[in-house]
Amino acid sequence: MYDADQNRTENRVGQADIKIAAKNVQVYYGETHAIKDVSVDIEDRLVTAFIGPSGCGKSTFLRCLNRMNDTIPICRVEGDIHIDNEDIYDKRVDPVQLRAKVGMVFQKPNPFPKSIYDNVAYGPKIHGLAKNKSELDDIVERALRRGAIWDEVKDRLDAPGTGLSGGQQQRLCIARAVATEPEVLLMDEPCSALDPIATSQVEELIDELKQNYSVVIVTHSMQQAARVSQKTAFFHLGNLVEYDETEKIFTNPQDSRTESYITGRIG
Amino acid sequence: MSTTLVVLIVLALGAAGYVLGRGRALREVNGDQRRLHSLPSYYGTNVAMKTVVPAMLLMGIWLLAQPLIVETSVRGDLQDEAERQNRSVSLMMSDVRRVANGLDVAVSQGVMTRERASNMRTEFTDVRERLGQAGVALGSDVTSAVLRAAQRYRAISGRADLLRTGVVLALALAGLAFGLRNSTAGYRARNVVESGIKILLILAACIAILTTIGIVLSLVFNTIEFFRLYPASEFFFSTTWSPSFGGGSELGIIPLLWGTLYISVIALIVAVPIGLFAAIYLSEYASKRTRAIAKPAIEILAGIPTIVYGLFALLTIGPLLLRVFGDQTVGWMDAGTAVMTAGLAMGIMLIPFVSSLSDDIINAVPQSMRDGSYGLGATQSETIRQVILPAALPGIVGAILLAASRAIGETMIVVLGAGAAARLSLNPFEAMTTVTAKIVSQLTGDSDFRSAEALVAFALGMTLFVVTLALNVAALYIVRKYREQYE
């Protein structure tokens, strides 16, 4: 079952660009085996959704893709993850630079206690992307426009980012992430703390972002996965059960566990 | 009957009330405690409370009020006598009290019979000598008026003591009976006990607040008294501090305030960077094991008595500084006691304050802030400098201000480390002194407590109190204002 799946993705290598190639990834938290032998190829310029019940390892796997798990002392990652054919767990790779290339948006909006402008300018400043103030202004404006929040905040860029509403905060965080010009955008349940209106705004935004980035989104909501993603991976108990076109997963799943999950019998 | 005995009896009654109340409630329901409104122990506590608390309260108030009332009645008799002898009534009153106490002691030791103590006359007996035999030394001969007043004092007190014992015991018994009568199955003993506990807690809080108010008031009145003797403008603006108990002293606070601020600033310059960096290391870089060992180790510094820091300043820091900056080298320093010596010792004392508080505050910055920054490709030090410290800043400022008010109030280190010379100078290697150290030197030793030279201590204390209060208020304000930054 699982092999057949992999063959199918490998067959398409010629048709689409593979941005991230993960092979036989194992993750351990101390004694707990959290991710069991996961292999997955993520394509460029489309949205890939990771779905599955709580604790199935989808967030853990996501955090492997930009080495955020390095900040957890007891976490151990094995296997290969290549981004643009470069092994990101190679000793020569600087995780700090990798994270500039692979941006991340978190479950809870986490704007820094700074002004809206400084929130967005934070990444470009520490990576030296702007030569002078006016260039930085341009970068901030572009990022805020891409985060679909420019019109709401353009008159109060000096106001604290923490004073915005939940949905605005999350779009600010997305703008902050795209300001460093990443190539991949990882989103860990970006809408779970938002109301339906803010959710639909963020989803629209994700749809636009895929023109420039490879977007990977972890979500609890199967409807959301169906709405925004082109490819979906179903995780269960640390295993990657099924990975395919989103439409196929939701209409014609190959694995019985996938079917049980999307029809609401497990999870 | 002595007061201790009365207290013991009341407590015994309370204990008996507990047992009786519990038993009565249980008997009422034939031992089935499910039919009681409250647990049996609540019924017992209820009775014990009603027995002990009113009786004890009454006794406390009575003990406070009795001497006042007895004195006013005796004082009336002394009024004429005092005018005749041209002495102040309060001085005669203290004689009366001393003689009355002496008679009590003499009677209890068996040197004198009870009747003799009450009937003795100065015309026939040398009271001073008789009391001397009982081990009670009197300063001067006892006049007949004083002796008569003392005898009256004893008589009234004795009657009042007897009355008090009777009333207190009666109240305790009445409370016991009332509590017992209430101990029926439906009585809400638990609620009564709960409100009793609440009142107890309120009383404790009131005592804390009232004591504070009392301390402040005593400062205020004595300060006002001082300003009657010495002009306030001189006190606040004179640049000389030279008290002399012979008169003609200059009591300008400026040199002392200058010394206080100078030493505190040096202490903070030492403590803030070291404490803050230690806190950053402990909260952000150190492994769990290192933290578990290092944090308590640093906090041990906070447990060292300040006199020990003073010794350290006097015996170690002072000589060390003298070797480096003394006459042999650059010649900036004449003696081991100097602003720098005390400042360094105080700085070491403050390190655990700054580090421990800052560490807690840095730890309180949500992990999501760190994740957000790392996720954007920031390094650890960039994250700390640009995200965590700004988020923790209000708390850190509060911690520093608390440390500052500690430094301003510090005494022992200054006494031992900084010398005693009140001086206005910029050289940190000269001896200076602080407000607190001068308060100590003005109040110790033999001096007339009503002179400006002694009362100035209260004005100094009041100034210091206002300064530290302002610092604490500022710290609280800053912490409150910026507390909700990340939510």
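Below, chain A is the first sequence line, B the second, and so on; all start at residue 1. None of the values given here were measured: they were computed from a predicted structure.
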Exercise. For B/Glu194 and B/Lys198, run salt bridge (charged side-chain N to carboxylate O under 4.0 Å, His left out): C-alpha distance rounded to whole Å, both residues' side-chain angles, the deciding distance at 0.1 Å, then the answer.
Key: CA-CA 6 Å; B/Glu194 285 296 324; B/Lys198 195 174 98 185; over 6 Å; no
Practice problem: Please assess A/Glu204 against A/Asp207 for the test side-chain contact (heavy atoms from CB on, under 4.5 Å), listing each intermediate value before the final yes or no. | Solution: CA-CA 5 Å; A/Glu204 265 172 51; A/Asp207 208 47; 5.6 Å; no
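With A/Lys19 as the fixed residue, the side-chain hydrogen bond (donor to acceptor under 3.5 Å, both in side chains) test singles out one of A/Glu43, A/Glu183, A/His82: A/Glu183. Screening A/Asp44, A/Ile83, A/Val47 for a side chain to side chain contact (heavy atoms under 4.5 Å, CB included) involving A/Ser214 leaves a single residue, A/Asp44.
Annotation: cation-pi geometry not satisfied between A/Arg156 and A/Tyr117 (NZ/CZ under 6.0 angstrom from ring centroid, within 45° of ring axis). For the pair A/Arg67 and A/Tyr89, the cation-pi criterion (under 6.0 Å, within 45° of the ring axis) is fulfilled.
With a threshold of 4.5 angstrom between heavy atoms, B/Ser287 does not approach chain A through any atom at all. Contacts between A/Val105 and chain B at a heavy-atom distance below 4.5 Å are absent for every atom of the residue.
Of all residues spanning residues 120-128 of chain A, those with a heavy atom less than 4.5 Å away from chain B's heavy atoms are A/Tyr122, A/Ile126, A/His127, arranged by number.
For chain B, the option among A/Asp118, A/Asn110, A/Leu186, A/Asp94 with the highest count of heavy-atom pairs below 4.5 Å is A/Asn110. Ranked by heavy-atom pairs under 4.5 Å with chain B, the list A/Arg176, A/Arg63, A/Gln97, A/Met104 is led by A/Arg176.
Side-chain atoms of A/Ser115 and A/Asp158 form no donor-acceptor pair, as typed in the model, at a separation below 3.5 Å.
Of the possible polar contacts, one joining the A/Ser221 side chain to the A/Gln224 backbone as a donor-acceptor pair under 3.5 Å is found.
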